[in-house]
Amino acid sequence: MKVDLTTRIKGLTFKNPITVASGTFGTTDEYGRYVDYKKLGAIITKTITVKPREGNPMPRICETTAGMLNAIGLQNKGLEDFIIHKIPYFKKIGTPLIVSVAGETVQEFAELARVFEKHRDVVSALEVNLSCPNVEAGGVNFMKKQERILEAIKAVRQRTSLTVFAKLSPELGDVLEIAGKVLGEGADGISVTNTLRGMAVDIDSRRSKLAKDFGGLSGPAIKPVALRYVYQVKKEFKVPVIASGGISDVDDALEFLIVGADLLAVGTANFVEPRATLEILEGIKRFCAKQGIKKLDELRGSYRPCGDSKKGCHR
Amino acid sequence: MTKKIFDEKVKILQNVKVNQKYYKLAFASPLLAQKAVPGQFLQIKIGEGNDPYLRRPFSYYRTSGNKVEILYEILGRGTRMLSEKKAGETLKVMGPLGKGFTLTPKGKKRVLVAGGVGVPPLVFLAERHAAAYLLIGTKSKAEVMPKSELKNAKAKILYSTEDGSYGVKGRVTALLEKILKKEDPGKIFIQTCGPKKMMEAVIAIARKYGIDGEASWDENMACGVGACLGCMVETRSGRMRACADGPVFPFKELVIP
Ligand SMILES: Cc1cc2nc3c(=O)[nH]c(=O)nc-3n(C[C@H](O)[C@H](O)[C@H](O)COP(=O)(O)OP(=O)(O)OC[C@H]3O[C@@H](n4cnc5c(N)ncnc54)[C@H](O)[C@@H]3O)c2cc1C
Ligand SMILES: Cc1cc2nc3c(=O)[nH]c(=O)nc-3n(C[C@H](O)[C@H](O)[C@H](O)COP(=O)(O)O)c2cc1C
Ligand code: FES
């Protein structure tokens with residue numbers, strides 16, 4: 001049985017919902033030996049900043065229970081390098097490209113949007129990274145940070161008509177509240193969740209296991225939290241959602257689809273299983289065929305909520 | 001330049017303790033065995049589930065025909081679990097990864113300096129290509145490799161132990177300096193792998209004598225294929241990925257903090 005996996009988001013068409021989470025799939029063809037990039041529904045790039053960034057010192061990663069902490073610090077070669085060297089590569093591949101962007105100032109967010117607007121032939125959408133836990137916002141307080149995020153989204157919206165996703169995490173405050181606000185400023189959809197800030201201590205040296213006090217937690221450990229955010233954002237706002245957070249196998253992917261996710265971004269799992277994306281894709285097809293599901297949209301958002309009944313949801 | 005990398009499910013042939021420090025694990029895989037060079041490594045998924053979650057990097061210790069061996073030390077949860085695996089159990093193994101050692105530095109006498117988990121790749125190197133010396137530093141006699149494990153190494157093997165219980169007492173770097181004093185520095189090429197402090201001291205000595213060489217610079221790794229940017233090494237051409245651009249780097253390239 002042929003299963004229709006087509007995923008439509010605001011005029012964009014993806015042949016399937018499987019994509020890769022920003023920063024977990026290299027900068028160009030690192031996984032080309034394992035994965036035919038043409039088979040992916042979309043590709044999300046490592047976050048691009050206007051100026052090149054060196055990132056943090058070592059160690060940048062350490063394993064924690066069912067996941068890992070990272071403090072990469074948005075290392076990337078900057079906007080110009082991306083335009084010159086990466087855009088032609090992705091153009092050749094032809095898979096819809098979602099460019100992840102982050103600015104250090106509102107002006108930089110605006111600049112990124114302005115430049116990518118000119119590459120609409122290759123770029124399908126922007127994912128605005130508002131939530132990298134590894135970049136300090138210059139000591140600004142919480143409210144100030146929220147204000148800046150909203151200004152950033154507004155600036156991006158003014159410069160581009162590309163589809164804009166705001167990438168969030170609970171680091172920014174209440175996810176639903178922020179999601180409501182960024183959608184109010186013109187974001188088309190939400191990407192949840194970025195990593196959750198965490199710590200790991202070496203008990204002998206009593207120092208952090210990373211070169212920073214904190215790192216971003218990713219992997220299976222954060223999946224239940226991510227799933228809940230995707231569910232809540234979908235339910236509350238009914239906007240397109242890119243889901244990430246511990247998606248490692250087909251069952252994880254199906255859970256996210258059932259609560260309504262539009263695109264499924266496989267992240268840390270790529271490091272463990274380079275073919276995780278394609279294995280998940282095959283698994284979804286098998287599941288649908290077995291369940292007699294002809295179109296993925298029949299499954300998407302089919303979650304049966306518990307409701308308020310005193311009897312609970314299993315009766 | 002797509003180098004061939006394979007991801008194989010392999011069956012463990014042997015997993016035994018060789019001394020107080022090291023375990024040796026062997027498996028058969030033509031694809032993982034045949035093209036590997038000393039200094040390259042494998043990414044091994046130790047458990048099937050989420051514990052441990054990430055793969056762990058291990059150097060090639062030896063290949064012969066279709067057989068691959070690694071030599072490892074228990075340093076944490078993952079390596080402890082690996083040591084509990086029995087022959088017949090399976091592992092997922094990816095490799096060969098990274099760039100290995102230079103095999104034929106022209107007209108030079110090679111001195112290999114190893115410590116800790118840096119011993120396996122240098123024994124492999126000495127088995128493949130004769131070196132003048134293989135210097136190994138350990139804490140005590142208990143960690144000295146059994147003779148049977150070193151019998152094919154084509155080098156004069158000298159040990160230094162910190163407590164003097166075997167070989168020369170002291171650090172391996174003191175042993176290295178003693179040897180260098182007798183040699184023409186222009187004809188020497190050093191290849192080293194081991195704890196960072198040791199490699200830094202080796203490089204400092206090499207610089208003092210004006211000697212060229214290479215170090216296998218290990219960093220914690222997640223992907224092992226250049227995708228996560230977790231394993232960067234400071235070099236004169238900027239930060240490079242230990243897993244994909246290394247792990248072996250020329251002394252000249254390394255910027256030691
Ligand atoms: C290219 C490369 C080749 C290696 N080759 C070998 C080898 O041939 N034999 C061997 O025994 N070990 C080797 N190592 C080290 C080995 O990967 C680690 O000992 C292992 O990952 C520890 O896993 P764990 O779960 O037991 O410990 P963890 O709980 O993950 O860590 C325990 C301790 O090991 C240290 N450690 C963790 N990862 C690394 C690492 N990548 N490199 C060095 N120390 C680390 C940690 O800092 C910590 O002190 C190599 C590492 C690299 C990067
Ligand atoms: C090593 C690493 C690098 C990452 N880099 C970025 C980044 O540059 N931009 C971004 O928006 N998210 C980044 N992330 C977050 C992921 O895109 C993803 O949202 C998060 O890891 C949760 O998904 P996962 O559990 O499947 O990995 C990174 C995550 C990891 C592990
Ligand atoms: S381990 Fe991921 S880039 Fe080296």
Side-chain angles (χ1 to χ4, degrees), chain A residues 20-21 23-35 46-47 52-77 134 200 202 209-211 215 218-221 223 246 248-249 252 267-276 279, chain B residues 1-9 31 43-57 75-79 81 92-97 196 217-235 237-246 255-257:
Chain A
V20 289
T24 66
F25 211 63
T27 48
T28 41
D29 63 347
E30 282 84 351
Y31 282 105
R33 308 183 177 92
Y34 308 96
V35 175
K46 170 86 188 155
T47 296
R53 283 180 60 94
E54 267 220 302
N56 291 324
M58 296 314 115
R60 288 178 174 184
I61 48 179
C62 83
E63 175 152 341
T64 56
T65 309
M68 64 181 276
L69 289 172
N70 88 76
I72 306 294
L74 293 190
Q75 177 180 336
N76 78 101
K77 292 192 173 146
N134 297 318
D202 181 302
K209 289 188 180 176
L210 302 170
S218 66
K223 194 197 89 180
S248 306
D249 61 23
D252 295 335
T268 307
N270 292 307
F271 304 155
V272 183
E273 275 311 325
R275 285 180 45 82
E279 280 168 13
Chain B
M1 63 112 237
T2 0
K3 252 190 330 172
K4 283 266 191 226
I5 297 179
F6 305 97
D7 191 10
E8 295 273 293
K9 199 166 194 167
L31 295 176
Q43 277 274 72
I44 301 187
K45 174 81 176 123
I46 294 170
E48 282 205 356
N50 294 336
D51 179 26
Y53 184 59
L54 299 171
R55 295 182 187 229
R56 295 288 190 275
L75 283 177
R77 192 170 169 77
T79 41
M81 288 172 71
K92 271 203 98 176
V93 185
M94 188 157 69
L97 299 166
K196 290 222 176 72
W217 205 259
D218 296 351
E219 289 291 344
N220 288 7
M221 291 180 179
C223 69
V225 298
C228 71
L229 307 183
C231 65
M232 309 307 285
V233 177
E234 298 287 347
T235 75
S237 358
R239 284 190 172 148
M240 310 268 269
R241 300 161 304 179
C243 66
D245 306 315
V255 177
I256 310 289

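Below, chains carry the letters A, B, ... as their sequence lines are ordered, and counting in each starts from 1.
The environment of NZ in K9(B) is sparse: at most 12 heavy-atom neighbours from other residues, nucleotides or ligands sit within 6.0 Å. In this structure, K77(A) places its NZ atom where only 12 or fewer heavy-atom neighbours from other residues, nucleotides or ligands lie under 6.0 Å away.
The side-chain heavy atoms of M232(B) and E54(A), taken from C-beta on, include no pair separated by under 4.5 Å. Proximity of P274(A) to D7(B): side-chain heavy atoms (C-beta onward) are separated by under 4.5 Å at one or more points.
Of the listed residues (C62(A), G219(A), P57(A)), the one with the most heavy-atom contacts under 4.5 Å to chain B is P57(A). Per-residue heavy-atom pair counts under 4.5 Å with chain B were compared for T27(A), I61(A), T28(A), and the maximum is reached by I61(A). For the options E30(A), M58(A), K46(A), heavy-atom pairs under 4.5 Å to chain B are most numerous at M58(A).
Of all heavy-atom pairs spanning N50(B) and P220(A), the tightest one is ND2-CB, 3.5 Å. Between A269(A) and Y53(B), the shortest heavy-atom distance links the atoms CA-OH, 3.5 Å. What you find for V272(A) and R55(B) is that their closest heavy atoms are O-NE, 2.6 Å. The shortest heavy-atom contact between N220(B) and P59(A) is ND2-CB, 4.5 Å. Of all heavy-atom pairs between R60(A) and L229(B), the closest is NH1-O, 2.7 Å.
Neither the backbone nor the side chain of D51(B) comes within contact range of chain A; no heavy atom of the residue lies under 4.5 Å from a heavy atom of that chain. Contact of M94(B) with chain A is made through the side chain alone, with heavy-atom distances under 4.5 Å. Using a 4.5 Å cut-off between heavy atoms, S248(A) touches chain B through its side chain atoms alone.
Salt bridge status for K45(B) with E273(A): absent, with no side-chain N to carboxylate O gap under 4.0 Å.
Between R239(B) atom CZ and Q75(A) atom CD the span is 7.0 Å, to the nearest 0.5 Å. Within the model, atoms CD1 of I72(A) and SG of C228(B) stand 5.5 Å from one another, a figure rounded to the nearest 0.5 Å.
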